[in-house]
Amino acid sequence: MSPHLHVYIYSSLHLLKPPKATATFTHYYKMASSISLPFITIFLFLLFWGGEGRDPFACDPKNTGTKDLPFCKASLAIEARVQDLIGRLTLEEKVNLLVNNAAAVPRLGVKGYEWWSEALHGVSNVGPGTKFGGQFPAATSFPQVITTAASFNASLWEAIGRVASDEARAMYNGGMGGLTYWSPNVNIFRDPRWGRGQETPGEDPMLAGKYAASYVRGLQGTDGDRLKVAASCKHFTAYDLDNWNGVDRFHFNAKVSKQEIEDTFNVPFRMCVKEGKVASVMCSYNQVNGVPTCADPHLLKTTVRAQWGLNGYIVSDCDSVGVFYTSQHYTSTPEEAAADAIKAGLDLDCGPFLGQHTEDAVKKGLLREVDVDGALANTLRVQMRLGMYDGEPSSHPYGNLGPNDVCTPSHQDLALEAARQGIVLLKNTAPSLPLSTTRYRNVAVIGPNSNVTVTMIGNYAGIACGYTSPLQGIERYAKTIHELGCANVACTDDKQFGSAVNAAQQADATVLVMGLDQSIEAETVDRVGLLLPGRQQDLVSKVAATSKGPTILVIMSGGPVDITFAKNDPQIKGILWAGYPGQAGGAAIADILFGTANPGGKLPMTWYPQGYLENLPMTNMAMRASGSEGYPGRTYRFYNGPVVYPFGYGLSYSHFVHTLASAPKVVPVPVDGHRHGNISDIGSQAVKVTHARCGKLSISLHVDVKNVGSKDGTHTLLVFSAPPPGNGNWAPHKQLVAFEKVHVPANAKQRVRVNIHVCKLLSVVDRSGTRRIPMGVHSLHIGDVKHSLSLQAQTLGIIKS
Ligand SMILES: *[C@@H]1O[C@H](CO)[C@@H](O)[C@H](O)[C@H]1NC(C)=O
Ligand SMILES: *[C@@H]1O[C@H](CO)[C@@H](O)[C@H](O)[C@H]1NC(C)=O
Ligand SMILES: *[C@@H]1O[C@H](CO)[C@@H](O)[C@H](O)[C@H]1NC(C)=O
């Protein structure tokens, strides 16, 4: 979704079929312009004053005509209420509920509802369902997701979701927000150029899936079937190209093998639905193997709903039904497009298309009214679970949240804490960091990102409660001399290099804050290369060569940057990657530079050298390398070439040593008889996951983590597994099977227990897309520690196949 599409949708709505709400608004506006100013002031005052407590969305106890209808009875089962309501609607009314700005049904006391709100990393104003102003001028703006992912801390992800949904509920109660949030974005960060990689939890499917499940739990709450707010995992599936070399997401047909769909692209979505119990999935703009995802019954009905058991609604990306008709020409009439989408399993259209064409599709016999009822039941059920038909919002468990629950000190502290946990230390020679405040009293702060604010919150953000820029953060520890060096991140000339160099020559230490922003990587903007833009590299090298004290480089970016030059430059003593660190990002950067916080973040994606792009069209969806085509493969799971920094990399001011305290050597895997055998394709024995008695079959390891440094610190334990050798090129080199974050005081030891579900995590996917557990010796890697684990099939007797 993008703001420009939003404009497009609403302008097309206006042209084609102005909905009542728009007409009424225009009417008021015209009226107001002919009325005197004092009257308008009183009118606006009443509007805001009245907005303090929202009127019920439906089932108003004051509305005697509706309050006793069965769909309003909170004591009845949701299914009965949903069917009661559907039974009262005409086809025209139903069709007007299939779109994001769902129309009111005044005769049933149901108000209009805007489904589109966003909360990627805090409540956002990207969707029309949420606005800032009045009593809600701002909301807590957490670091961009790629940064938070680098914390590898699942309880942090859930905590951020809880805060975002507190603030969202407060804004809903005040009439400023929705209850349906189209977040998180859990597409795999497949190609380092992707402009939206910043929104995602990175390149690893399991990490992305854990992030999805944790953040969704935080947003939705864990109160049984009830929803605090409804999240949506997007964009299903194989969507990770915005605009590359003349190919855009509205026209792209992603050609993806069954193996890679199952092994990579669908994993975060499956975990989001099955483990996170998300209330919605959004299908994408692109086609997968020639079929638009929003028109593909195999993806929507079979995979998401039947196999994964989605309890919720499937929504299109904004105008993607319109897009597959008008841009992709997938059907010859708009009615066929509407019918195909609903029959495939789509329940709600972000955009006007289904509202305009579904009624005719039914009249032409392309779609049955019961199909429309099925879609509606999925959206209404979610609204019921949100309490929207329970009358007074103030009687709802979250009904008393209000303006005082937004931007609270504890919420803003969590934004700072998240940034501290996500920042990654990439280089620290000597070591030079942390900087001593007594030795480095004057610090030169240089670079186009050195005093930024909105750059720190990335995209899909809202209005932050307040900011601490890097310069302001560093000013808390030292006197500063500030120079931009370049006018902006594009850094097209060297006019300001001289004064930057002067500053570095005067100061005791130099901090360069460089990198990217939304002009370089964004929705609809994929990068062309991986190097720092324009003359940034030149500025860094010149400053480092002449600075009086140590030079520290801070990179602000969503995607990885090839900073080989800085890694190899002995004048550059330290490098931090801050991602887009959120509203308190500058404070967190300074806390790490001066040692108030000990960095513990790890890269959630590989940092490739620029040369990696040589034989890598962004349109090639293959994850696996192909030697014959010179295709290098993607992500640490399949690419084996040189890197700038690998996935999982990140230093600390302490040093941690692992030892394996206990781990099984042999693990029997119970298998239904007759159903395991030699798979010639694989070359070793591998049991289909569906034939194993998986249940809770898991192994547990105990790992001791010792902090042998002199500072307390947190450490992320990453457990990788490599399947038995001899599998050709079909299995990953290794894959992440577990991660645990632990806090370990200096000189102390902490025992960490790690559980690994055998079927889910030690399985691999064969060429036909079937998940199998290779029998034989798997090799577990935990830092420097290696452990061999032998899986042995144990037949349980014959069953019919
Ligand atoms: C840094 O940014 C802040 C906030 O935008 C601004 O008030 C301040 O003047 C800037 N400082 C410098 C030295 O440019
Ligand atoms: C699988 O193949 C290997 C090598 O060809 C053979 O030694 C082994 O007995 C076979 N196992 C089964 C269960 O057929
Ligand atoms: C994970 O994040 C939570 C929330 O900020 C924090 O309380 C906890 O200490 C973190 N875990 C570790 C090991 O740092």
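Atoms considered below: every heavy atom in the structure, side chains included; atoms not considered: hydrogens, waters and symmetry mates. Sequence positions, counted from 1, serve as the residue numbers for this chain.
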(message) Is there a side-chain contact (heavy atoms from CB on, under 4.5 Å) between I699 and N755? Walk through the geometry before answering.
(response) CA-CA 6 Å; I699 57 167; N755 287 322; over 6 Å; no
(request) Establish, yes or no, whether the cationic atom of K602 lies under 6.0 Å from the six-membered ring centre of F152 and within 45° of the ring axis. (result) no
(message) Which residue is it: P143, P201, P604? I am looking for the one with a side chain to side chain contact (heavy atoms under 4.5 Å, CB included) to T148.
(response) P143
(message) Is a donor from one side chain sitting under 3.5 angstrom from an acceptor on the other, for Y653 and N428?
(response) no
(message) Donor-acceptor pair, distance only, cut-off 3.5 Å: does the side chain of Q287 make one with the backbone of T293?
(response) no
(request) May I ask you to establish whether K567 and Y645 are in a cation-pi arrangement, using a distance under 6.0 Å from NZ or CZ to the six-membered ring centre and at most 45° from the ring axis? (result) yes
(message) Ring centroids only, cut at 6.0 angstrom: are W157 and Y211 within range, meaning strictly under it?
(response) yes
(request) Verify, without hydrogens or angle tests, whether T635 (side chain) and E203 (backbone) share a donor-acceptor contact under 3.5 angstrom. (result) no
(message) For the residue pair N598 / S652, report whether a side-chain donor-acceptor contact shorter than 3.5 Å exists.
(response) yes
(message) Can you confirm whether the side chains of T264 and R190 place a donor and an acceptor under 3.5 Å from each other?
(response) no
(request) Compute whether any side-chain donor of one residue and acceptor of the other, for H702 and S662, lie under 3.5 angstrom apart. (result) yes
(message) Using side-chain heavy atoms (C-beta onward) and a distance below 4.5 Å, is L717 in contact with V705?
(response) yes
(message) Under a 3.5 Å cutoff, is there a donor and acceptor pairing between the side chains of N187 and H235?
(response) yes
(request) Give every residue pair that meets the ring pair (Phe, Tyr, Trp, His ring centres under 6.0 Å) criterion with at least one member in residues 599-626, sequence neighbours excluded. (result) W577-W607, Y608-Y612, Y608-Y639, Y612-Y639
(request) Show the numbers, then the answer: is there a salt bridge (charged side-chain N to carboxylate O under 4.0 Å, His left out) between R217 and E275? (result) CA-CA 9 Å; R217 270 198 296 271; E275 293 177 28; 5.9 Å; no
(message) Under a 3.5 Å threshold, yes or no: a donor from one side chain and an acceptor from the other, between N266 and T237?
(response) yes
(message) Can you see whether Y239 engages R196 through a side-chain donor-acceptor pair at a distance of less than 3.5 angstrom?
(response) yes
(request) Can you establish whether the number of heavy atoms outside K301 located under 6.0 Å from its atom NZ is more than 12? (result) yes
(request) Return yes if a side-chain donor-acceptor contact under 3.5 Å exists between Q259 and R767, otherwise no. (result) no
(message) With no hydrogens and no angle check, just 3.5 Å: does a side-chain donor-acceptor pair link D562 and Q610?
(response) no
(request) Tell me, yes or no, whether the heavy-atom count around D784 atom CG, taken from other residues, nucleotides or ligands under 6.0 Å, exceeds 12. (result) no
(request) Mark yes when over 12 heavy atoms from residues, nucleotides or ligands other than K741 sit less than 6.0 Å from its NZ; otherwise mark no. (result) yes
(message) With a 4.5 Å cut-off on side-chain heavy atoms, are H658 and V785 touching?
(response) yes
(message) Does any part of the side chain of Y636, heavy atoms only, come nearer than 4.5 Å to the side chain of Q735, both counted from C-beta?
(response) yes
(request) Would you mind telling me which of R772, R624, R634 makes a salt bridge (charged side-chain N to carboxylate O under 4.0 Å, His left out) with D263? (result) R624
